[in-house]
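Have a look at the structure below before the remarks.
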Amino acid sequence: MNLPIIDLSSPDRLSTANSIRQACIEYGFFYLVNHGVDNECVRKVFDHSAKFFSHPLQHKMNLARKEYRGYTPLYAENLDPTSLSKGDPKESYYIGSLEDTTSVQLNQWPSEELLPNWRPTMESLFWKLLEAGKELLSLIALSLNLDEDYFEKIGALNKPAAFLRLLHYPGELGSNEEIYGASPHSDYGMVTLLVTDGVPGLQICKDKFKQPQVWEDVSHIEGALIVNIGDLMERWTNCLYRSTLHRVMPTGKERYSVAFFLDPPSDCVVECFESCCSESSPSRFPPIRSGDYLNERFRLTYGSERDLKCSIKL
């Protein structure tokens, strides 16, 4: 899979926007380079992530997910609710928005004594990815023949629902085509920026309606972020831009990644952009509040918090 490479620092913004448009129509995925996230920051984040996930389960469950922030253990998440799987064999840690002074209080952090410098390391990556994400969205707006500040105008970037998610796929689970590290799914929101550690496993399916589905490997490019469009962006663009199915396959190797989900605030109404619909191509989706859509998708993925606690035996 040779995905397009988008240079976020290019001075030719119109050409860059046109490249993004082509990438989002054809793949829904692309690489992003010159994004402002330096290799040293990424190295520190992966080191700190590995230290956290290496702790005993009892310690990690002290920070169990609440309000979608904190630790999620192995098998507690099923990204494909239609499957009969007991859950995906991966563990993760959610860090919510640092912009909103109300929601930032909901974040959970390992103690400084247990993991020194863990919090400032994660906060540093959060801010860098947020800046890159906002710059990218201005180019996406341009790619849709909209004003560069269009997402600000409609309230999509007014205290956005931004989440940083650390992911760990244990290598000892082996390689088995009947087991997914992450089940086939599309992302729920606006746009996702992914940092990977070089271990393979990520695959995408360009045509989610074609049977049988064809899956292609996404290679790691050193220093590049992998970007994909989410369901809300697909709704905004009337399916012009693809919210592409993707999955992670086990390779027998331990794998770490970090996903940054940049989504609209819960009260933002998502309805088809005027530039993406017409009499001959009417809107395929009714308007919906971002929070209503995302909460329903989370409910299907995780169930209730009570279910999470009942499923864990320490």
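Contact check for Tyr71 versus Phe53: side-chain heavy atoms found under the 4.5 Å cut-off.
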Salt bridge (charged side-chain N to carboxylate O under 4.0 Å, His left out) between Glu152 and Lys134, intermediate numbers included | CA-CA 9 Å; Glu152 286 90 342; Lys134 288 182 174 181; over 6 Å; no

Evaluation steps, ring pair (Phe, Tyr, Trp, His ring centres under 6.0 Å), between Phe298 and Tyr68 = CA-CA 9 Å; Phe298 283 132; Tyr68 303 114; 4.7 Å; yes

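Applying the 6.0 Å contact sphere to CG of Asn2 captures no more than 12 heavy atoms from other residues, nucleotides or ligands. The environment of Gln22 atom CD is sparse: at most 12 non-hydrogen atoms of other residues, nucleotides or ligands sit within 6.0 angstrom. Remark: Glu274 CD is loosely packed, at most 12 non-hydrogen atoms of other residues, nucleotides or ligands lying under 6.0 Å away. No more than 12 heavy atoms of other residues, nucleotides or ligands sit less than 6.0 Å from atom NZ of Lys44.
Remark: Ala156 engages Phe151, Ile154, Met190, Trp236, Pro264, Cys268 in a side chain to side chain contact (heavy atoms under 4.5 Å, CB included) (not counting sequence neighbours). For the side chain to side chain contact (heavy atoms under 4.5 Å, CB included) test, residues two or more places apart in sequence or in another chain that qualify with Lys153 are Asp147, Asp149.
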Enumerate donor-acceptor pairs with a distance under 3.5 Å from any side-chain N or O in residues 124-132 to protein atoms, sequence neighbours excluded.
unit_1	atom_1	unit_2	atom_2	d
Lys128	NZ	Asp38	OD1	2.5

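Here Asp47 pairs with Arg43 in a salt bridge; the nearest charged N to carboxylate O distance falls below 4.0 Å.
Applying the ring pair (Phe, Tyr, Trp, His ring centres under 6.0 Å) test between Phe52 and each of Tyr256, Phe46, Tyr93 identifies Tyr93 as the sole match.
Formation of a donor-acceptor pair under 3.5 Å by the Thr237 side chain with backbone atoms of Met233 is found in this model.
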